[in-house]
Every structure is written in C-alpha cells, then in structure tokens.
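I have placed the structure first, in the form of structure tokens, so that the comments after it can refer back to it.
Both backbone and side-chain heavy atoms feed into the values below; hydrogens, waters and symmetry mates do not.
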Amino acid sequence: MATTEGTSGTSPGADVPRDCGGDDAHAVGRGPLAVLRQVAAACILPDLLETPTLPEGARRRARRVLQEMDAGNIGGYNHEHRSLGVPTRVARFLERRDGGVPCDPRDVIMCSGTASIVPVSPTHPGGRSGGVPVPSPITLSSPSSSPPTKFVLSLLVDESSAVPTGALVPVPGPPLLGAAAELAGAVAVPYPLAEERGWDVDVPALRRALRRARATCRPKVLCVVNPGDPTGHVLSRRSMEDVIRLAAEENLLLLADEVQQERAFDPERPFLSFKRVLWEMGAPLASAVQLISFYSLSKSVAGDGFRAGFLELVNVEGGVTRPFHLAQSIPRPSVLGRVMLDVLMDPPDEGDPIQQVLEEHRRDLTRSLAVAARLLGERLAQAPGFCLQPLHGGARAFPRVQLPPRALSQARALGLEPDVFFCQKLLEATGIALAPGSEFGQLEGTHHVAVSLLLPLPALERVLRALTQFHAAFLREFS
C-alpha cells in the first residue's frame, strides 16, 4: 500500500509501547511507585519488617497497617479495616481535598474499582422548596440474588416499570458508562460535549437530549466525567454549577466520575469536586441534590492496577446506603489494593519519608503531563489536518483528524468506522496503536484519535513524529 510505503522509516522504535492511546500508566511505560510496593510487600511477608532490605519508613507504615488487621495478618477478612479504618482516612483525605467540606466515613464505600460500580437512581418525581427544585430521596429496586456486580447494576432499574430507566452519558466519554447502563437494562442517553468550547458541558444540548429521551425512557441519572476522558478537559466552577442546577430541576441523580482528579495539571483550571461546588452553592441545593462520586487507585497518582477504589454518597438517605455496606453487595477491593489506597490517603507530613516520596511523585506527574500536553499541542498545531482543544487534565488528548473523502468511502466499503480504518492503517505502517474516537463517541461527521499523555516524553516525541508523517502520506494517498 502507498500508505505503508509512504511512511517507511516512521517506526517509533522498540522502546515505544504498542498501545499509545490508553490511560494505563504502567502499560505505557511508567514504573510503579516503589514505596507502595514496599509497604505491601512487608504486609504480605512480615519477616521483612525486621530486615534492612526495605526502608524504615515503609516498614513503619506496614506495622501500622498490620496493627489494624485481625491477628496482625492481612490474610483474614479484616472487616473493621475495610469498613472503618480505611473509610475514616478516606473521609479525612476528602475533607482536605475539598477545603474542609465535612465527610462522614459511613458515606464512603470501598469497592474493587469503578468498573464494578453503577449508581442507584431516584424513582419518583421531586418536590420544590422556596422556588428551587429539590430532588426526592433515592429509592432502590429490590435486590436480586445475582452476583455482586449484577446486584449493583440492578439497583439502577425499576423492573416493575413499563418505561425503562435512562442514564445520560457524555459523548465523548468512557465507553464503560453507556455499556454499564445497558447491562443494567437501562437506556444510555448520549449528550454531546461542546468541542468548540474545549469540550465543555453544553447544557442547552443536554436539555434537548433529556427532552428527546423522555419519548422512550425515564431519565434518572446524569453522568459527568471530570477531568474529561478522553478529552482532557477540566470543568470550570460555572459549568459545574449549571450542571448541578439542571440535576436539581430535573430530579436527576448526579454521577460524578472524578477518577482522573490527580491528573489535573493546569493551575489555571484546577480540579474541583462536584461535592465541593455543591456545598459552596449553599441551601437548598447543598443538602438536596443527590450525588455519587468515584475515585480509583488505577487512575490515581499511583496508577496501580491493584483493584481498589471508593465511592462517596452525598445527600443519600441512610437507609439507602445499607446495601452498599453489605459484604456481598458489591465487589470489594483486593487486600493489596486496599493497603496501597490506605497509604495514599495519609495526610502530608514533611517528617514522613513515605509522604515526601508521594508528594514529589505528585509534582512530577502533573509536571510531566503538562509538558506532554504542551508538546502535543505544539506538534499538532504545525501539522495540517489536526485540531486539538486545550488540555487541562486527564491522561489523554483527543485531537480531531481530517480524513479525506476516498478514505471515508473505503472505510464504509469495509464496514469500518473511518477513524478505525485510519488507526488500522497507522498500526500496519508504524506499529503504533491509537484509540479511535468512535470508541468514545463523537459528533457525526467528525473523526478523532486518543493519544496518551502518560507516555514517556521521548516516546511521545517519536509517536507524534510517526503520526504526523503517516497522516501526511494518508492524505496524499486518499485525496
């Protein structure tokens, strides 16, 4: 093929990972945080506590962990550590993050990662207070005897209703959101983000999507992703307030996917949690809008794939939270994942060597993401056929790519999305695998690719050189 021949010599090199569009830090070449592995290792093998093989700081932290374990052993069920010890430290972490907004540990639910959790939803219309819409309390469907994941998914849907439940999901956005809603028997209702406004939430478009959806389903959940994935945007306070008001007016449960929060790197657009913005909006919304937010170890500063995370329930009635606390209701974090998450929740302490390492790593991560974003923006601005919105956070960029008419025709003839066709040709010619925009959803007639910002900078340089050279040859062949 001319595309392959036209890009000879653009192979990025053996040190560039094959998957260059993902958000898995380790898969794209970033190493693990040694200090977390050291603490986990000492917990697994307590003999290491008495040897200088591991730093004293790691051994001291491991002793603290084991003191909370049943019989000092991580092999037990250790219900108290999971249901009280770690949630209490998570609550204090959230209070520091949110500038003092209180958090009750009983509202923190440990889980094995965001992929295993889908929210519950309101099932009846809300009332009003003082002219401001106030949503009604969440009501759960009856639990089923299904496996844990299915148990949680089933909470979304009122199976006794002839009208299916709807969940509003952003486009572009993580494919998991729409897929999870459909697995639950709900209807995924896409709403477009405004690319020309930096992928901001387009509230008028969201309202139109909501009105159209009511012809076929009963929308109950509004999903928002902040920082955006794969778009790399961070919502402004004003946008978040608009979303919260809409959720109140329409009696929607607000589901905030905030797992990329520690990857926000632009000081001009800092990450704010929906809980903090909701609290600072004051009464009556602050105590009425129902919110569930998510945090994941794999998307944290650690980037570690040991399955662990948590969700926080805000303004959700106490009786409703009970199913979340049942040991059988949702997949719980792995023991090692829970230990690592526990260490990350510790408060900053200049005298603690572990916290010194973690703080330095946090600074290095945001600094390297900012440099990667700037590099990607500069390189694509010089290459015809690419358009990239400003990046503020997250692990990926989502540039629009111009594809010529003949390429669109050939893709259709093969039964492929045009950006899938482009990515396949790119892979064949260069060995680079990017994620096509159609995986995440996109406005009809536009085409995108997702590029990882987590790639080491030398690898990202080579990927961008190969991508732009390949795209130029692709345009020549199919124009």
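Closest heavy-atom contact between Ser273 and Arg276: OG-N, 3.0 Å. Contact between Asn226 and Leu272 at its shortest, heavy atoms only, is ND2-O, 3.6 Å. Summarising the geometry of Phe265 relative to Leu369, their closest heavy-atom pair is CD2-CB, 3.5 Å, with the distance given to 0.1 Å. Shortest non-hydrogen contact noted between Leu391 and Asp266 is O-OD2, 4.4 Å. In plain terms, the two heavy atoms of Leu453 and Gly394 that are nearest each other are CD1-O, 3.9 Å. Taking each heavy atom of Asn315 and Ala286 in turn, the nearest pair found is ND2-O, 3.1 Å.
Contact check for Leu168 versus Leu206: side-chain heavy atoms found under the 4.5 Å cut-off. Val86 places a side-chain heavy atom less than 4.5 Å from the side chain of Met110. Inter-residue side-chain proximity for Arg218 and Ser161 is flagged as met; some heavy-atom pair is nearer than 4.5 Å. Counting heavy atoms from C-beta on, the side chains of Ser409 and Arg412 come closer than 4.5 Å. By the 4.5 Å heavy-atom criterion applied to side chains, Leu460 and Leu375 are counted as neighbours. For the pair Ile292 and Leu253, the minimum side-chain heavy-atom distance is below 4.5 Å. Side chains of Pro170 and Leu177 form a contact here, defined as non-hydrogen atoms less than 4.5 Å apart. At a threshold of 4.5 Å between non-hydrogen side-chain atoms, the residues Val401 and Thr446 do not count as touching.
When the side-chain contact (heavy atoms from CB on, under 4.5 Å) test is applied to Ser300, the partners found at least two apart in sequence or on another chain are Glu262, Tyr295, Leu297, Ala302, Leu344. Partners of Tyr191 according to the ring pair (Phe, Tyr, Trp, His ring centres under 6.0 Å) rule, which considers only residues two or more places apart in sequence or in another chain, do not exist here. Qualifying side-chain contact (heavy atoms from CB on, under 4.5 Å) partners for Ala472, counting only residues two or more places apart in sequence or in other chains: Arg476. Shown here are the side-chain hydrogen bond (donor to acceptor under 3.5 Å, both in side chains) partners of Asp419, two or more places apart in sequence or in another chain: Ser438, Gln442. Applying the side-chain contact (heavy atoms from CB on, under 4.5 Å) rule to Ala264 yields the partners Pro227, Val234, Phe271; only residues at least two apart in sequence or on another chain are considered. For Pro190, the side-chain contact (heavy atoms from CB on, under 4.5 Å) partners are Val171, not counting sequence neighbours. Qualifying side-chain hydrogen bond (donor to acceptor under 3.5 Å, both in side chains) partners for Ser239, counting only residues two or more places apart in sequence or in other chains: Asp200, Ser236.
Remark: the backbone N or O of Arg362 is paired with a side-chain donor or acceptor of Thr366 at under 3.5 angstrom. Without hydrogens or angle criteria, His471 side chain to Gln402 main chain gives a donor-acceptor distance under 3.5 Å. Side chain of Asp202 to main chain of Ala205: a donor-acceptor pair is present (N/O by atom type, distance under 3.5 Å, no hydrogens or angles). With Arg269 contributing its side chain and Gly393 its backbone, the two residues share no donor-acceptor pair below 3.5 Å. A donor-acceptor distance shorter than 3.5 angstrom exists from the side chain of Glu95 to the backbone of Cys103, with no hydrogens or angles considered. Counting only distance, with no hydrogens or angles, the side chain of Asp98 and the backbone of Gly100 share no donor-acceptor pair below 3.5 Å.
Ring pair Phe474/Phe478 is tilted by interplanar angle, where 30° to 60° counts as tilted.
Note that CZ of Phe422 and CG of Leu408 are 12.0 Å apart. Values are rounded to the nearest 0.5 Å. If you take CG on Leu255 and SG on Cys223, they are separated by 4.5 Å, rounding to the nearest 0.5 Å. The distance from the CH2 atom of Trp279 to the CE atom of Met281 is 14.5 Å, given to the nearest 0.5 Å.
With respect to the salt-bridge test (charged N to carboxylate O, under 4.0 angstrom), the residues Arg214 and Glu250 qualify. By the 4.0 Å N-to-carboxylate-O rule, Asp364 lies close enough to Arg367 to be salt-bridged with it. A salt bridge links Glu249 to Arg207: one of the charged nitrogens lies within less than 4.0 Å of a carboxylate oxygen.
For residues 192-236, every residue pair satisfying the ring pair (Phe, Tyr, Trp, His ring centres under 6.0 Å) rule, not counting sequence neighbours, is listed here: Trp199-Phe398, Trp199-His448. Here salt bridge (Lys or Arg N to Asp or Glu O under 4.0 Å) pairs that include residues 282-299, with residues two or more places apart or in two chains, are Asp23-Lys299. Counting only residues at least two apart or on different chains, the salt bridge (Lys or Arg N to Asp or Glu O under 4.0 Å) pairs with a member in residues 372-381 are Arg379-Glu461. Applying the salt bridge (Lys or Arg N to Asp or Glu O under 4.0 Å) test to residues at least two apart or on different chains, the pairs with a partner in residues 225-239 are Asp229-Arg396, Arg237-Glu280.
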Expected list for residues 382-390: side-chain donor-acceptor pairs under 3.5 angstrom, two or more places apart:
residue: Gln389; atom: NE2; partner: Glu195; partner atom: O; Å: 3.3

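Under the side chain to side chain contact (heavy atoms under 4.5 Å, CB included) test applied with Val224, the options Leu254, Ile244, Leu291 reduce to a single match, Leu254.
By the 6.0 Å contact criterion, CZ on Arg18 is open, its count of non-hydrogen atoms from other residues, nucleotides or ligands being 12 or less.
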I would like to know whether Leu434 and Leu467 meet side-chain contact (heavy atoms from CB on, under 4.5 Å); could you show each step before the answer?
CA-CA 10 Å; Leu434 298 183; Leu467 171 62; 4.0 Å; yes
Walk me through whether Leu454 and Arg263 qualify under side-chain contact (heavy atoms from CB on, under 4.5 Å).
CA-CA 10 Å; Leu454 293 168; Arg263 293 170 174 175; 3.9 Å; yes
Carefully, step by step, assess Arg30 and Ser368 under the rule side-chain contact (heavy atoms from CB on, under 4.5 Å).
CA-CA 11 Å; Arg30 290 180 179 262; Ser368 68; 3.0 Å; yes
Under the side-chain contact (heavy atoms from CB on, under 4.5 Å) rule, what do Val203 and Arg245 come out as? Steps first, then yes or no, please.
CA-CA 10 Å; Val203 173; Arg245 291 190 188 95; over 6 Å; no
